[in-house]
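Note that the numbering runs from 1 along the sequence shown for the chain.
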Amino acid sequence: MSTPDSAPPATETAPRPGRHPRTTPVVGAAVGAASLGLLSFSGILPGPLLIALLIAAALAIPSAQRLAGRVLRMVPILSALAFLTWMVPVRQMPHGDFVAAAIGCALGYWVTRLASEHNLRRLWPRIDLVDLIAVPGVGAVAAINLKHMVFAPTASAAADFFALQWDNSSHSFIDVAMRHNGVLIRFLPLSPDGTKYSFTEYPAAYHASAEAFMTYLLGHGTATASDELLAFVRTTGFLGVVGAVVAACAVASLIGVHRNQLTAAIGAGMAGSVMIAGPGALGLVDGHYNFPFTLSMVMVAMSTVISMPRVWNPWRFSLLIAAVTCAAGSWLPMGVLAGVMALGIALPLERRRWSGTTLGMRTCLAVGVLGAAVSAVQALWVIQAVPASMADAVGGISRVLASQFTFAVVGVFAGVAWSIWRGGRRGLRFGVRMRHAVVGAALLGLCGIYVGMALNQWREFGQVRYYAAKVQDGFVDLALVYLAMTLALVGAAWPAAE
């Protein structure tokens, strides 16, 4: 029989307060990073299965409450992380594996933390009607529309598609050169004949993501030219699907729109359709694959600016910086537009919007400085290599219809007018209305730039040339998604929705 003297002292058996919650998430993060990082590096899993696992792991990270919000946050942040690794000129760096390790690190941290809190249900996102439309709905329609790319059965079928557009050779060269050397083309030594390689100045944010998915499909070993061609076509189609889903999620994740699921779902579907079958698909048709990706990043910036109730929110601030950085690193003029829109987070000028924790403020400042530095370096590279006369360059590009351009202009004016007249009177805050108007004003500024370029080129050359036409296409795509955002916000502000 035990006696009181035989019992161990209470101080020896009592758990030490605070020790378990502090150490367990750190250990979980390390285990998660090692697990997914090594799994990606080893090439044990088939490429499609590895990609599916990484997507599921990324969407299990509770970065947002809803599924569409998680997609909106993880795609730009992980794309920016992939781009960031390429700014370091270290050859044979396993860039995609670092992204996989980052996903595992974040997931491991949250799994162990939520397990200690007995709240693992937070790993599963909330899914409403608008989330079903924006993610699986738009994704399925986009994949069917791009089935000749995403599901290209053989290298012969991929070659048939490859031969349709000259720009396929350019983009595939960039992806393959990055994959073979592990550094940006600009960091490579001179070619054997003593000249520089082509595309040293080309923005590489889009290609950083493309190279990662190509490596997930092919592994780190050598691959035949046929296998690389097939992987290039499949990856390009997959990123086209991702761009359409991100556009839909940009609408579905707007603040307050879930009050009216119907208008939110219609707006998300409209945004996705712009990128699938509307003018947003022209980039995929013409072989300008980085352009739809760039536009989707600008759409993320638009959605984040409108929905940012406080400035020092680490998740939202990091998302905004990631979107601007990816846009600037894929097509610089659109990166400038996204940066101008980002200034709208300062409005309205109220002290309470600038409150936050010390850690949150420091995180936002660090992310902001890093993003600004990467964007500035990328801009400097482009400006140094591209002459001003490039704006008048001739090139093949599909043109948006005049009716589409007119409708887009009217849609932006209507959205700005609604923000001023009606937007915040019921259901929406004044700040949401103001930032929505700022985004619209930035789009009208882009429209004015296009009109000025077009008139100047028409007088001088008798035609509107490549880059002016591309600016017009970008404006129309963004304006139509802005109109979809306006529709969703109107539904959220409607009295019957309250």
Side-chain angles (χ1 to χ4, degrees), residues 61-66 68-70 72-74 76-77 113 117 119 122 126 130 249-260 264 267 298-325 337-372 415-443 482 485-486 488-495 497-498:
I61 299 170
S63 58
Q65 183 182 10
R66 303 176 188 273
R70 295 190 183 187
L72 189 77
R73 293 185 178 185
M74 297 313 297
I77 289 175
R113 174 179 171 177
E117 298 173 356
N119 193 23
R122 281 188 61 191
R126 179 174 176 178
V130 64
C249 290
V251 177
S253 301
L254 284 168
I255 189 168
V257 298
H258 286 80
R259 301 175 191 174
N260 191 325
V298 179
M299 294 168 193
V300 172
M302 292 164 58
S303 177
T304 307
V305 168
I306 294 172
S307 304
M308 204 152 179
R310 294 184 184 275
V311 174
W312 304 122
N313 181 309
W315 268 117
R316 291 186 185 272
F317 195 91
S318 298
L319 171 61
L320 180 59
I321 296 300
V324 173
T325 302
L337 174 66
V340 171
M341 290 178 175
L343 299 177
I345 65 172
L347 300 175
L349 298 174
E350 299 173 352
R351 178 177 296 181
R352 62 182 180 83
R353 296 193 65 251
W354 294 84
S355 62
T357 64
T358 301
L359 178 61
M361 292 180 184
R362 290 177 178 175
T363 301
C364 292
L365 289 174
V367 170
V369 170
L370 181 61
V416 173
W418 171 79
S419 297
I420 297 173
W421 171 70
R422 179 66 171 82
R425 297 187 183 181
R426 290 183 67 94
L428 290 179
R429 295 178 180 177
F430 172 72
V432 175
R433 174 177 51 155
M434 178 178 288
R435 293 189 296 274
H436 180 263
V438 167
V439 169
L443 289 176
Y482 179 77
M485 292 179 176
T486 302
L489 291 171
V490 167
W494 201 256
E498 292 187 340

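Within the 4.5 Å cutoff, the side chain of Arg73 has no heavy atoms near those of the Ile61 side chain. For the pair Met299 and Val251, the minimum side-chain heavy-atom distance is 4.5 Å or more.
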Without placing hydrogens or testing angles, list every side-chain donor-acceptor pair under 3.5 Å for residues 306-313, not counting sequence neighbours.
residue : atom : partner : partner atom : Å
Ser307  : OG   : Ile255  : N            : 2.9
Ser307  : OG   : Ser303  : O            : 2.9
Arg310  : NH1  : Arg352  : O            : 2.3
Arg310  : NH1  : Ser355  : OG           : 2.7
Trp312  : NE1  : Trp354  : O            : 3.2
Asn313  : OD1  : Trp315  : N            : 3.2
Asn313  : OD1  : Arg316  : N            : 3.1

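Of all the heavy atoms in Pro314 and Gly360, the pair that sits closest is CG-CA, 3.7 Å. Nearest heavy atoms, Cys249 versus Ala68: CB-O, 3.6 Å. Of all non-hydrogen atoms in Arg353 and Ile345, the two that sit nearest each other are NH1-O, 2.8 Å. Here the closest non-hydrogen pair linking Val300 and Ala323 is CG1-CB, 3.8 Å. Between Ala492 and Gly256, the shortest heavy-atom contact is CB-O, 3.3 Å. Nearest approach of Ser318 to Val367, heavy atoms of both residues: OG-CG2, 3.7 Å.
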Going through the checks in order, is the side-chain contact (heavy atoms from CB on, under 4.5 Å) test met by Leu337 and Val298?
CA-CA 8 Å; Leu337 174 66; Val298 179; 4.2 Å; yes

Set out, in order, the CA-CA distance, both residues' side-chain angles and the distance that settles side-chain contact (heavy atoms from CB on, under 4.5 Å) for Leu443 and Met302, then state yes or no.
CA-CA 10 Å; Leu443 289 176; Met302 292 164 58; 4.2 Å; yes

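For the atom pair CG of Leu370 and OG1 of Thr325, the computed distance is 7.5 Å after rounding to the nearest 0.5 Å. Going from atom CG of Leu489 over to atom CG of Asn260 covers 11.0 Å, rounded to the nearest 0.5 Å. Atom CD of Gln65 sits about 8.5 Å away from atom NE2 of His258, to the nearest 0.5 Å. Residue Ser63 holds its OG atom at 7.0 Å from CD1 of Ile77, rounded to the nearest 0.5 Å.
When the side-chain hydrogen bond (donor to acceptor under 3.5 Å, both in side chains) test is applied to Thr486, the partners found at least two apart in sequence or on another chain are His436. In this view, Val324 and Leu320, Ala338, Ala342 satisfy the side-chain contact (heavy atoms from CB on, under 4.5 Å) rule, not counting sequence neighbours. Residues that satisfy the side-chain hydrogen bond (donor to acceptor under 3.5 Å, both in side chains) test with Arg122, not counting sequence neighbours, are absent from this structure. Arg113 meets the salt bridge (charged side-chain N to carboxylate O under 4.0 Å, His left out) test with Glu117; sequence neighbours excluded.
Judged purely by atom type and a 3.5 angstrom limit, Arg70 uses its side chain to pair as donor or acceptor with the backbone of Ala64. With hydrogens and angles ignored, the 3.5 Å screen pairs a side-chain donor or acceptor of Arg435 with a backbone N or O of Val305.
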